[in-house]
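Remarks on the structure that follows.
In what follows, every heavy atom counts, from backbone to side chain, and hydrogens, waters and symmetry copies are set aside.
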Amino acid sequence: MGAPDIPAAAARPRDDDPTMAPPWPAAPVTTASRATFFRNLSTELGVLVAFCCSAMLLTYLGYHYDHPGGLPFEKFHPATLILIVAFGFLLAEIGPSTVSAQMIKYHPLALIYILCTFYYALYVTLIVARPVSFILDTLVVPVVAWVLLFRTEPARLNRYARYIHIVMAINAVLGIAESVFGFHLIPIYTGGELLNYEEARSTALLGHPLQNSAIAAIYALLLLTGPRGNLRWSLALPLFCLQLLSLPAFGGRTATVLLGLLMALWILKKIVFVLLGNRFPIKMIVWASLGLPAAAVIGLQLSETTYFAKFIDRFIDDAGSAETRVRMFRLFDGFSWGDLLIGPDPAMLSYLQYVEGTEIGIESFPIAYILSSGIFAASLIFIGLTLFVIDIARLVCLRSLMAVAMFIALNASSTGLSSKGIAFLLLIIIIMCMEGAERDSRLSRKRRDFNREALGRTAPAGAGRSSLQPG
């Protein structure tokens, strides 16, 4: 008699049977696989810290971030330090030479941008004699996050996008509550000094009101137009309305007006497409008919308080904000063309700022760079920033690129990119996670192409399935 047939499922040893070892070798735990694990862990932690730890919270906790004193590492945001550690794990994972080769081949413009910022830091330190510690937080770590998140698989980016949705919803609710009930969860600090905040705008989780309004407006724009990070329209619409209602709490007039203009253009585009014969999603109409009246009711309830009145008053009486932006141009009169080319004297600039009433800050990052470091050094930042934006445009869709353009436009009328902060980092995290989480997005397709071309050849042998490999 022949041997009885044994089902294939029974012939294969069970993984959970301790008496039988599997006939196939398990992937060994290598240095590269450990580095992959810690890179993903530190990247995730860096994303959370960036959204949950504002500069004001750090000061409140005794972290000497934007005021004198403390240890050297305290001059950098914790998210910056964590993401740099994550980049170190990337170097350990695939090797410095491989990372350098990939940067040269796949991110050449971002690499030139990094070189421009380091040359700027060296020039300003040696020639102009000004501190440049803000460079790492403001300009360098966004590129680090860009490289790390580009090498993160969509499943993880989808989880990061959920974190962003939750934090931004809490931030909006908290901002509205602070404005309506007149309190601040985190005390307001500027330069390490506690301010009288009875009439101050909301700070919520993200800290500075202008940073709050800019990030909330950009996030709302992506919720409206996409990419939304795999968020259904039934959830995206309420979140969009919540962000829209929170803008008066943060008092960002430019952000509110710019978001309103882009929203009107998006609605107009949809109407034109419908008139041309395109189909309009029925579910969008249904949820809009349900969500917009609810938002209107909430808005009417808030209108009975001073919530909108204080915001409208800022358009009528801006407490000299517009005049300050005019006065900053008078600062040029105190310097010769030679001074402006090489870099004005810091002491003279501080004196002129005091005279003109702009000592808190120059409310335009291009003007601030020119006056603080000179036309030559500032041009390095402008050229590098332009190249980095072009590198971003090569990978993301047009709607994400509009968010980047909105960010730059908002920073053109604030200190933004010329002062210490992580607003640029928050922008990069948002667009990378919101678009990268969607598997059919342009960013995801570019990442899959990158995996096939580069990582298929450089993945370490025996490392098992790496998060850098296609999945």
Side-chain angles (χ1 to χ4, degrees), residues 36 40 43-44 47 102 105-107 109-110 145-166 168-169 218-240 243 262-263 265-267 269-270 272-274 276-288 389-407 426-456 459 465-471:
T36 301
N40 289 326
T43 300
E44 186 167 354
V47 169
Q102 290 178 0
K105 183 175 181 179
Y106 298 100
H107 307 288
L109 301 183
W146 171 259
V147 172
L148 291 171
L149 293 173
F150 184 66
R151 287 157 174 77
T152 302
E153 63 268 21
R156 291 183 181 275
L157 293 177
N158 189 51
R159 184 164 71 247
Y160 301 169
R162 289 197 209 105
Y163 296 156
I164 294 172
H165 296 316
I166 294 171
M168 292 302 295
I218 290 169
Y219 173 69
L221 178 65
L222 291 176
L223 287 176
L224 181 68
T225 65
R228 305 181 182 92
N230 283 329
L231 194 67
R232 298 191 305 271
W233 178 249
S234 59
L235 295 176
L237 180 62
L239 280 178
F240 168 78
Q243 299 301 317
L262 294 175
M263 181 174 62
L265 292 175
W266 180 82
I267 294 174
K269 185 194 77 170
K270 290 293 184 181
V272 170
F273 282 177
V274 170
L276 292 176
N278 289 16
R279 295 181 60 186
F280 195 84
I282 299 299
K283 62 179 181 179
M284 187 178 293
I285 299 176
V286 172
W287 285 109
V389 171
I390 294 174
D391 209 13
I392 294 174
R394 293 171 54 241
L395 299 180
V396 302
C397 66
L398 181 60
R399 293 164 296 174
S400 294
L401 189 59
M402 281 297 299
V404 177
M406 184 178 183
F407 175 81
L426 296 178
L427 168 76
I428 294 298
I429 292 175
I430 287 176
I431 62 174
M432 290 296 290
C433 294
M434 299 275 276
E435 181 170 350
E438 300 180 355
R439 292 185 178 273
D440 294 330
S441 66
R442 184 183 183 193
L443 181 60
S444 294
R445 293 195 300 270
K446 293 288 185 179
R447 180 187 174 277
R448 287 193 292 269
D449 294 341
F450 172 75
N451 285 340
R452 284 193 296 267
E453 294 178 11
L455 301 181
R465 186 179 183 275
S466 170
S467 64
L468 292 178
Q469 294 172 329

If only atom types and distance count, is the side chain of Asn40 paired as donor or acceptor with the main-chain N or O of Thr36 below 3.5 Å?
-> yes
Separation between CG of Leu157 and CD of Glu44, rounded to the nearest 0.5 Å | 10.5 Å
Could you tell me which residues satisfy side chain to side chain donor-acceptor pair (under 3.5 Å) with Tyr219, sequence neighbours excluded, listed by chain and number?
-> His165
Nearest heavy atoms of Pro238 and Trp233, plus distance in Å = CD-O, 4.3 Å
Residue list, side chain to side chain contact (heavy atoms under 4.5 Å, CB included) with Ala405, at least two apart or on another chain | none
Any chance you could lay out the side chain to side chain contact (heavy atoms under 4.5 Å, CB included) test for Arg151 and Gln102, step after step, and finish with the verdict?
-> CA-CA 11 Å; Arg151 287 157 174 77; Gln102 290 178 0; 3.1 Å; yes
Checking Asn158 side chain against Ala437 main chain: does a donor-acceptor pair fall under 3.5 Å?
-> no
Does Ile267 have any side chain to side chain contact (heavy atoms under 4.5 Å, CB included) partners at least two apart in sequence or in another chain, and if so, which?
-> Met263, Ile271
Tell me, with the steps shown, if Arg447 and Glu153 meet side chain to side chain contact (heavy atoms under 4.5 Å, CB included).
-> CA-CA 9 Å; Arg447 180 187 174 277; Glu153 63 268 21; 3.6 Å; yes
Which class fits the ring pair His107 and Phe150: parallel under 30°, tilted 30 to 60°, perpendicular over 60°?
-> perpendicular
Reported CZ-to-CD1 distance for the pair Phe407 and Ile431, which is rounded to 0.5 angstrom = 10.0 Å
Output all residues satisfying side chain to side chain donor-acceptor pair (under 3.5 Å) with Glu438, sequence neighbours left out; order by chain, then residue number.
-> none
To the nearest 0.5 Å, tell me how far Ser444 OG sits from Leu395 CG.
-> 11.0 Å
Nearest heavy-atom contact between Trp266 and Thr225 is CD1-CG2, 3.3 Å
Using side chain to side chain contact (heavy atoms under 4.5 Å, CB included) as the criterion, point out the one residue from Ile164, Leu239, Leu222 that pairs with Leu231.
-> Leu239
Pairs flagged by salt bridge (Lys or Arg N to Asp or Glu O under 4.0 Å) wherever residues 427-437 is involved - sequence neighbours left out = none
Of all residues at least two apart in sequence or in a different chain, which pass the side chain to side chain contact (heavy atoms under 4.5 Å, CB included) check with Met406?
-> Ala217, Ile218, Leu221, Leu258, Leu259, Leu262, Leu410
List the steps and the verdict of side chain to side chain contact (heavy atoms under 4.5 Å, CB included) for Tyr106 and Glu453.
-> CA-CA 10 Å; Tyr106 298 100; Glu453 294 178 11; 3.5 Å; yes
Distance-only, no hydrogens or angles: does the Thr152 side chain make a donor-acceptor pair with backbone N or O of Leu148 under 3.5 Å?
-> yes
Output yes when Asp449 and Arg452 qualify as a salt bridge under the 4.0 Å nitrogen-oxygen rule, no when they do not.
-> yes
Side-chain contact, heavy-atom cut-off 4.5 Å: Arg399 with Pro227?
-> yes
Calculate, to the nearest 0.5 Å, the distance between atoms OG and NZ belonging to Ser441 and Lys446 respectively.
-> 11.5 Å
Would you give the length of the straight line joining atom CG of Leu235 to atom CZ of Arg228, rounded to the nearest 0.5 angstrom?
-> 11.5 Å
In this structure, CG of Leu443 is separated from CZ of Arg448 (nearest 0.5 Å) by 10.0 Å
